[in-house]
Each structure stands twice: as structure tokens, then as C-alpha cells.
There are 2 protein chains.
Amino acid sequence: MDTRPRPPSSAEPTGSARHAAAGSPKRAQHGGCEGCLARPLAICASIPAAETHALEAVAGEVLLPVGATLASQGDPRREVYTITRGMLRRVRLLPDGRRLVAGFLMVGDFIGFSGAPHYRHTLEAVTDCVLCAFPLQSMRSLCQRYPDLESGMLAQACSELDATRGSLMMLARLGPGERLAGFLVELGERQQQRGGAAHHVDLPMTRADIADHLGLTIETVSRSFTKLRQSGAIAFEDPRRIDLVDVAALRSAAGL
Amino acid sequence: MDTRPRPPSSAEPTGSARHAAAGSPKRAQHGGCEGCLARPLAICASIPAAETHALEAVAGEVLLPVGATLASQGDPRREVYTITRGMLRRVRLLPDGRRLVAGFLMVGDFIGFSGAPHYRHTLEAVTDCVLCAFPLQSMRSLCQRYPDLESGMLAQACSELDATRGSLMMLARLGPGERLAGFLVELGERQQQRGGAAHHVDLPMTRADIADHLGLTIETVSRSFTKLRQSGAIAFEDPRRIDLVDVAALRSAAGL
DNA sequence: CGCCGATTTGACGCCCCTCAACGGTCGTGG
DNA sequence: CCACGACCGTTGAGGGGCGTCAAATCGGCG
């Protein structure tokens, strides 16, 4: 009765990569919190440096090659994760193939804020990733032992809620160009927090990922890119590497 | 450059109600947790019944008449709330008047999951409301004293995150009829948890509120209602009181 | 009864989705 | 080395759905 989907939707069916067939997750031993680049960004920082052994004792390391899936929609939730390297996407699929990318997850982000016993999203690696894995049960006991950890998680969950509510406005009331502007600004800020250059955004994800994140089609995303470029707000030669020329204009377009 | 808004947007400019000019919030003394209808639904339940005096000691009661605003976008956040009676809407306004209703808040819901120091939304009473107010600072100390309270809040924040992510899919990829179907089902379930009749939904909010919640216009919402009615999925005479005739159809339309 | 707001319905137009084609890059294999 | 295919991104043409504008109906309240 309503919006019709496109036949088989867009991106790959989880396991049909280029040639080597998108490897699967591999387990490894935890490398230690000391030199961890993600630690200052992650909830792990809620535990004092002197006590990281408690984390290391229960943590495992997961290596996730590009295109691999960490967990699938419907799987039981047994672990939570902190991202140490790389980028993931959080994908939800409708039975008819319509696809939503509910978010992109970057270094320091926490995976596991959910009350559901099963995953409501599939988690796929946009780039090669490394994650710290914690059994759900261990995380619960750690929270009891270190109340600051639980406060930290609550705070983090609240900011994620803030961010998600921001996306609501974007999807409900902004036009394509405005959505894209907001997306670029936000991604740029997150990359800057992680040591990226200001006024520069790297886009490891495809246009299809962006489209499914913004509730648009690939074509409309592409057209919006060229319009933003023509307007002088952004510049790029490599479509995966964007210059934010006029951040103020981008921000105001996105209602920020 | 993009979607153009309608001149002055839809609903009232916060204070121009029917005739009596939408009263303002009134303070009262807290009535006690014992007979509180919201308690079993709210995070307050994380504190044992024998200890409710700790809550009562710091709580205040707020009476909010229809149309009144509890807090405005940009105000500093000083308190958090639990809803005891009535319904509120969480509204965000863009400078040009575009409006989003980020959610409807009902009895037992908690207001205050945010990391921001200022409100990012305006909170307006859809019906007459009663709320329990807790100073932010008191809530923090309560969390230290009662770790279960903090766990409860984390759990609640996680379910809200789940719900908000569900809205993302709705806004990004569902058509008008599907969005409305999902909205009705979800609201029906929440009302049922609160003692409402199954297969019946009360809509205290206007079509404009629904439209701004679903990212549509009033007219499209209205047309979607009549289409759902013609399809036999719902029935109604009073537009504010909807019969859910075929819940299965509604659920599957919404991708649930 | 008259006014006002809420809801519904109709006519029309624009924006975005759909369908299609093209160019560029990369990796493979002849 | 170059031909080839796969994937990605871009651009153009066309159609449909939802927003826009307009008007009618209904109910509540003064």
C-alpha cells in the first residue's frame, strides 16, 4: 500500500565480498589496556588505570575483516564490545529488503546498549576492525564492583540517546542536502575527537551505506554531494575524502 | 536549497490555548510513593518499598495543565521527572518553524536521560499532567546510595534507546500508512501496559502532533487513517479513539 | 446562533524515487 | 601489457507519491 522497495536492495548479502569472500571474525588474546588507543574515549576509562587488570581478565579480542559480520539481527546477545580499531555499521533489514543503517560505530564506541535479549541489528565491519569483547555476565559483575563503570555506561547511553534523537529530526524533517550536511559535520566532529584533521572527513562507507543511513537513495545522495559542492560548502576529488569548506553553512543547513 | 517549510508551522506557539491561555506549571508537595500508580512502571521501583522515604524527601510534585510547557529547548537542566499522570510530548523546533515530536511520554516514563546540560527539546503537556520532580543533584546522590537505582536507570535508558532506534527505521524507510500502523500498535501496547483495553487506542494528541511525530503532514496522516480504515485494519467514529481491528496486519505493515 | 479549531477530502505541483546509461578504478587473467 | 568484469559513483529522463493550497464538515463553546 505504501512505499515500494527496490527488488534486492543495495549492499552485499553478508558474505559475498570481492574475491576472498569476506573473512569471518577471529578470536585472539586481549592485548592489554595500557596502550589501548580507544581507552580514553571508551567507557573503560571509568575504571582506574590501576585496576585495568580486572577488565583484561574477562576481555577477549575480536578481529573483524572488512565486510564480516560481528552479530546478526536475531542472534542472542552474549557479549558487549568496545571498538579498538576500525568502523562498523549497525544495520536493520526489513523482510522485503528495505535497509536502514542505524548508525556508524567508531573507535571508543560501545556496543551493547540494549534491553533486548536478542540483537535488533546486524553489525558489519565497514573497515577492518578490532574489538574488545566482554561477556555480558562479566560486565554485570564489573558494574557491581566498580559503580563508576555503571555511571559511565549510563552517561554514555544518555549521549547515544541524545545523538539518536538528533537523527530523528534529521530523518523526519530535513531535506536530502540538509541531511547530508548534518551527516558530514557530525562524522567530521567524531573523527576530529579521534585525531582526524579538522575540516576533513573520511568516508570509509559506500554511498549505499550513506543513503540507507539518511533514508535516501544512492542517486539522491550523489546528487546532494554535487549540489553541496556546487554551492561551495564542500569540495572533493576523491569521493571518499571530503573537504568541509564552509562548516558554518553546513551546520546551519542541518539545523545545528 | 531543500525542503521548504510551511510558513508558521502547525501547532500552538506555546501559550495560546483555547481561551484560558494554557496555565503554567504549579508546584505542590509530594503525595507519597505508597499509592503512586506510576511506581510499578517507573524507575522508582528500583528502590525498595521500605526506603521510599529517601525518594519522598527530595521529590516535589508538579501540576501541569494541558498545553503548559514543563521545560523549553535551551533551558538549563536542573531536575529530572517521573510522570505520574497524563501525557507529554517531546518537541524540537527548527529556526524556520519545522517541528518534530520526538516522542510521547506516558505514566511511569522518566524524563531526564540526556548528557546535555541544557534541554534539547521542549516538553509540553498533551493532557493535564502530574509529575514527580527530583533535583539532578539529589538524583545523583540517590544513585550512589542505591546502586540498584542506577542499574534501573541504565536499563530504562537502554529500552528507550531500543525504542528510538525503532523510530529511525520508521522514519527512514516506511511509507505513511506503515508509519501510522506502527505508531498505533506501539501506543496501544503502552496503553495496555498501563491498564488500557486491548485493541483500543486513545489519541489525546492532535493530528498535527502525530504528523510531526511521523515526519508527515496533517493531511497525509488523515488520508492514511482513512486508508487504514477502508482496508479494515482499524475502525473509528471518534477520530481520537481508534479500534485496532486487525493488529496482525498493522504489525506486519510496520515491520514488527 | 456564530466563531473557532480539528479533521477530512479534493486538486495540483514538485521533489525524490525509479530506471537507465556512462565513466572510473581495481583486480584478474589472457 | 591490455582486455575484461565487477563494483562504485555520477548524471539524465520520467513518473508517482506526498506536500501544498483550498474548501467543506463537524463539534464545542460562548
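All figures in this text were calculated on a predicted structure; none of them were measured in a lab. The chains referred to below are lettered A, B, ... by the order of the sequence lines, with proteins before strands, and numbering in each begins at 1.
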S.K.: Along nucleotides 10-16 of chain D, 5' to 3', which nucleotides get a B, which get an S, and which get a -, given that the test is a protein heavy-atom distance under 4.0 Å?
M.R.: BBBB---

S.K.: Should the pair A/Arg207 and A/Phe225 be classed as cation-pi, given the thresholds of under 6.0 Å to the six-membered ring centre and 45° from the axis?
M.R.: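 Yes, a cation-pi geometry holds between A/Arg207 and A/Phe225.
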
S.K.: Please report the distance, rounded to the nearest Å, between CG in A/Asp209 and P in D/dG9.
M.R.: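 Interatomic distance, CG of A/Asp209 to P of D/dG9: 9 Å.
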
S.K.: Side chains of B/Asp243 and B/His199: donor-acceptor distance under 3.5 Å anywhere?
M.R.: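 Per modelled atom types, B/Asp243 and B/His199 side chains form no pair under 3.5 Å.
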
S.K.: Whole Å only: how far is the CG atom of B/Leu203 from the P atom of C/dA6?
M.R.: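 Rounded to the whole Å, the gap is 15 Å.
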
S.K.: May I have the distance from B/Leu180 (atom CG) to D/dC18 (atom C1'), rounded to whole angstrom?
M.R.: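 Result: 15 Å.
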
S.K.: In this structure, how many angstroms lie between the P atom of D/dC26 and the CZ atom of B/Arg240, rounded?
M.R.: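 Distance, rounded to whole Å: 18 Å.
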
S.K.: Take the protein atom CG of B/Asp238 and the nucleotide atom P of C/dT7, then report the distance between them rounded to whole Å.
M.R.: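 Atom CG in B/Asp238 sits about 10 Å away from atom P in C/dT7.
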
S.K.: So for atom CZ, which belongs to B/Arg85, do other residues, nucleotides or ligands contribute more than 12 heavy atoms lying within a distance under 6.0 Å?
M.R.: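 Check fails, neighbour count at 12 or below.
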
S.K.: Among side-chain atoms of B/Thr164 and B/Ser167, is any donor-acceptor pair under 3.5 angstrom?
M.R.: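 No, no side-chain donor-acceptor contact under 3.5 Å.
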
S.K.: So for atom CZ, which belongs to A/Arg190, do other residues, nucleotides or ligands contribute more than 12 heavy atoms lying within a distance under 6.0 Å?
M.R.: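 Enclosed.
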
S.K.: Can you tell me how far apart CG (A/Leu105) and CG (A/Leu131) are? Round to the nearest 0.5 Å.
M.R.: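 Nearest 0.5 Å value for the CG-CG distance: 9.5 Å.
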
S.K.: Separation of A/Arg179 atom CZ from C/dC16 atom P, in whole Å?
M.R.: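 Atom CZ in A/Arg179 sits about 8 Å away from atom P in C/dC16.
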
S.K.: In this structure, how many angstroms lie between the C1' atom of C/dT8 and the CD1 atom of B/Ile210, rounded?
M.R.: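 Rounding to the nearest Å, CD1 of B/Ile210 and C1' of C/dT8 are 14 Å apart.
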
S.K.: Whole angstrom is fine here: how far is it from CD1 in A/Ile234 over to P in D/dG9?
M.R.: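 In whole Å, D/dG9 P lies 14 Å from A/Ile234 CD1.
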
